[in-house]
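All remarks here apply to the structure that follows.
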Protein chains: 2
Amino acid sequence: MPDPEPSTVLVVDDDPQIARALRINLSARGYHVVTAHDGTAALKAVAEIRPDVVVLDLGLPDIDGVDVIGGLRGWTQVPIIVLSARGDSTDKVHALDAGADDYVTKPFGMDELLARLRAAVRRSGVSAAEAEAVVETRTFTIDLAAKRVRRDGAEVHLTKTEWRLMEILVRNQGRLVTQKQLLHEVWGPTYDSESHYLRVYVAQLRRKLEPEPSRPRHLLTEPGMGYRFEC
Amino acid sequence: MPDPEPSTVLVVDDDPQIARALRINLSARGYHVVTAHDGTAALKAVAEIRPDVVVLDLGLPDIDGVDVIGGLRGWTQVPIIVLSARGDSTDKVHALDAGADDYVTKPFGMDELLARLRAAVRRSGVSAAEAEAVVETRTFTIDLAAKRVRRDGAEVHLTKTEWRLMEILVRNQGRLVTQKQLLHEVWGPTYDSESHYLRVYVAQLRRKLEPEPSRPRHLLTEPGMGYRFEC
DNA sequence: TAGGTCCTTGACGCGGCCCTGAGGACTGTT
DNA sequence: AACAGTCCTCAGGGCCGCGTCAAGGACCTA
């Protein structure tokens, strides 16, 4: 097994001290760290960089932390670990019920936070990895873990967007994925009806992967609803 | 949608007081509670009753708590919430790294534990719930999650409108669905009396799915009222 | 700054799906 | 037996959604 690429952590905290401390510690442990200093930036950052886990301080200047959780849970399952100075029981309950995965009160031990981070990443990784990492069709092979596609032995290069789209379809193989879901997961939660994007990119994938792009056998259209990947 | 069956919680604690307190509180919240008083019993209980979540005290008389976690993680992904009197950072790290999902130190607030329990069940339920969406009849099979219909092994293609209609009827299987409700949910709230639409589309569904379309056995008409799906 | 890749956006033809209307069957009522 | 109401069936026309091609522009790299 090759060394897995480092997990990306989005750290959301308006206190530069804490953000810096987290950045240093997490980076030292091999994580790829991105920081945001308010809720708006956090929501945007999640849509753009797709972190593997979010560490979220509740005391943000612009948006209430619980609303940030809600905004994320509307379209993504990314694990959220809440940091908060308030150890109040009702705060914890609200945050957890809004969709947070864990809740750590400040001051916190870095060891503990790291352990909880590992637990969160491990959990979400298990389900993601469960779907076999390699999917084969008659004409091409997809390695989800390595992010590689081969066709007749030769490697086929997919762009970032093409890959994201392909990955979602493959992870849901056999299932119909709605246009809205695809748009949300590839382009972000603000894209609802730009189905033209899908047409363009599905066409590109078909051109690269299907034996007869005009008669797709694996990337199937369900008119009015979405797309479906079949082996 | 019918009421989901209650989640089963395995409470593992050798202190009868705490075990009792948990049983009372969890039962009051609608959980199905099973208790075990030592590690051996816990391991056996998980294998036998397959709980949806385990609440595990670390101070067990026979087996070290971390080993219990390890014993479970060897074969199951059931969420484990650790309870412990020791708030020591290294204990937390060991338990979490052994595979625990969460760690709560005694004394704990019952509200918080319940919220963490909900979070754990929610997480694991997302993936498990989707699998249970297949409805079978004598002649055809409907997979609600994948949005696909099979008849005698072969795939039957439904259009968007056909599928919407079918889905509503299937989700209300056995129950009568009124024409108005069907029109509202498929064509929108402004459609009240266009029952001709329904006739056309129900006929199409019957033609595609019923063995004898003129003598429907599953898509039944209730004259003057609506339609009903029967397995 | 130049070159390349990639994302976005527009225009256009085509096929399939949704709607619609007409005719007929069935049932219950007067 | 005539009639009204509801339902089933079939077929055609309009239109929306899909696929395709191509060009503009953003971004990165050298």
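Letters go in sequence order (proteins before strands), and every chain restarts at 1. As the structure is a computational prediction, the values presented were derived from the model and not from experiment.
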Does [N] have OP1 or OP2 under 4.0 Å away from a side-chain N or O of [X]?
X        : N      : answer
A:Thr159 : C:dC7  : yes
A:Trp187 : C:dT8  : yes
B:Tyr197 : C:dC19 : no

Whole Å only: how far is the [atom1] atom of [X] from the [atom2] atom of [N]?
X        : N      : atom1 : atom2 : value
A:Glu194 : C:dC7  : CD    : P     : 16 Å
B:Glu222 : D:dC7  : CD    : P     : 11 Å
B:Gln204 : D:dC10 : CD    : C1'   : 11 Å
B:Glu162 : C:dG16 : CD    : C1'   : 12 Å
A:Leu205 : C:dC7  : CG    : P     : 11 Å
A:Trp163 : C:dC6  : CH2   : P     : 15 Å
B:Tyr201 : C:dT20 : OH    : C1'   : 11 Å
A:Glu210 : D:dC18 : CD    : P     : 17 Å

Report each atom pair, protein N/O against N/O of nucleotides 19-25 of chain D, whose distance is under 3.5 angstrom.
{"unit_1": "D:dG19", "atom_1": "OP1", "unit_2": "A:Arg206", "atom_2": "NH2", "d": "2.3"}
{"unit_1": "D:dG19", "atom_1": "OP1", "unit_2": "A:Thr221", "atom_2": "OG1", "d": "2.4"}
{"unit_1": "D:dG19", "atom_1": "OP2", "unit_2": "A:Tyr227", "atom_2": "OH", "d": "2.8"}

Going through the distances and angles, do B:Tyr201 and B:Trp187 end up as a ring pair (Phe, Tyr, Trp, His ring centres under 6.0 Å)? CA-CA 12 Å; B:Tyr201 277 92; B:Trp187 282 271; 5.7 Å; yes

Of the nucleotides D:dC18, D:dC7, C:dC6, which has the atom closest to the A:His157 side chain? C:dC6

Distance only, no hydrogens: is a donor on one side chain within 3.5 Å (strictly under) of an acceptor on the other, for B:Thr221 and B:Arg206? yes

Is there a donor-acceptor contact under 3.5 Å linking the side chains of A:Glu222 and B:His157? yes

Angle between ring planes, A:His218 versus A:Phe140, binned at 30° and 60°: parallel, tilted or perpendicular?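 It falls in the perpendicular class, over 60°.
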
Take A:Arg116 and B:Asp102 through the test salt bridge (charged side-chain N to carboxylate O under 4.0 Å, His left out) and record every step on the way to the result. CA-CA 8 Å; A:Arg116 288 188 184 271; B:Asp102 206 339; 2.7 Å; yes

What's the spacing between A:Leu205 CG and A:Phe229 CZ if we round to 0.5 Å? 10.5 Å

Name the atoms and distances for all side-chain donor-acceptor pairs under 3.5 Å in residues 37-54 of chain A, with sequence neighbours left out.
{"unit_1": "A:His37", "atom_1": "ND1", "unit_2": "A:Asp13", "atom_2": "O", "d": "3.3"}
{"unit_1": "A:Asp38", "atom_1": "OD1", "unit_2": "A:Thr40", "atom_2": "N", "d": "3.2"}
{"unit_1": "A:Asp38", "atom_1": "OD1", "unit_2": "A:Ala41", "atom_2": "N", "d": "2.8"}
{"unit_1": "A:Thr40", "atom_1": "OG1", "unit_2": "A:Asp62", "atom_2": "OD2", "d": "2.6"}
{"unit_1": "A:Arg50", "atom_1": "NE", "unit_2": "A:Ala47", "atom_2": "O", "d": "2.6"}
{"unit_1": "A:Arg50", "atom_1": "NH1", "unit_2": "A:Glu185", "atom_2": "O", "d": "2.3"}
{"unit_1": "A:Arg50", "atom_1": "NH2", "unit_2": "A:Ala47", "atom_2": "O", "d": "3.3"}
{"unit_1": "A:Arg50", "atom_1": "NH2", "unit_2": "A:Glu185", "atom_2": "O", "d": "2.9"}
{"unit_1": "A:Arg50", "atom_1": "NH2", "unit_2": "A:Val186", "atom_2": "O", "d": "3.4"}
{"unit_1": "A:Asp52", "atom_1": "OD2", "unit_2": "A:Thr8", "atom_2": "N", "d": "2.7"}

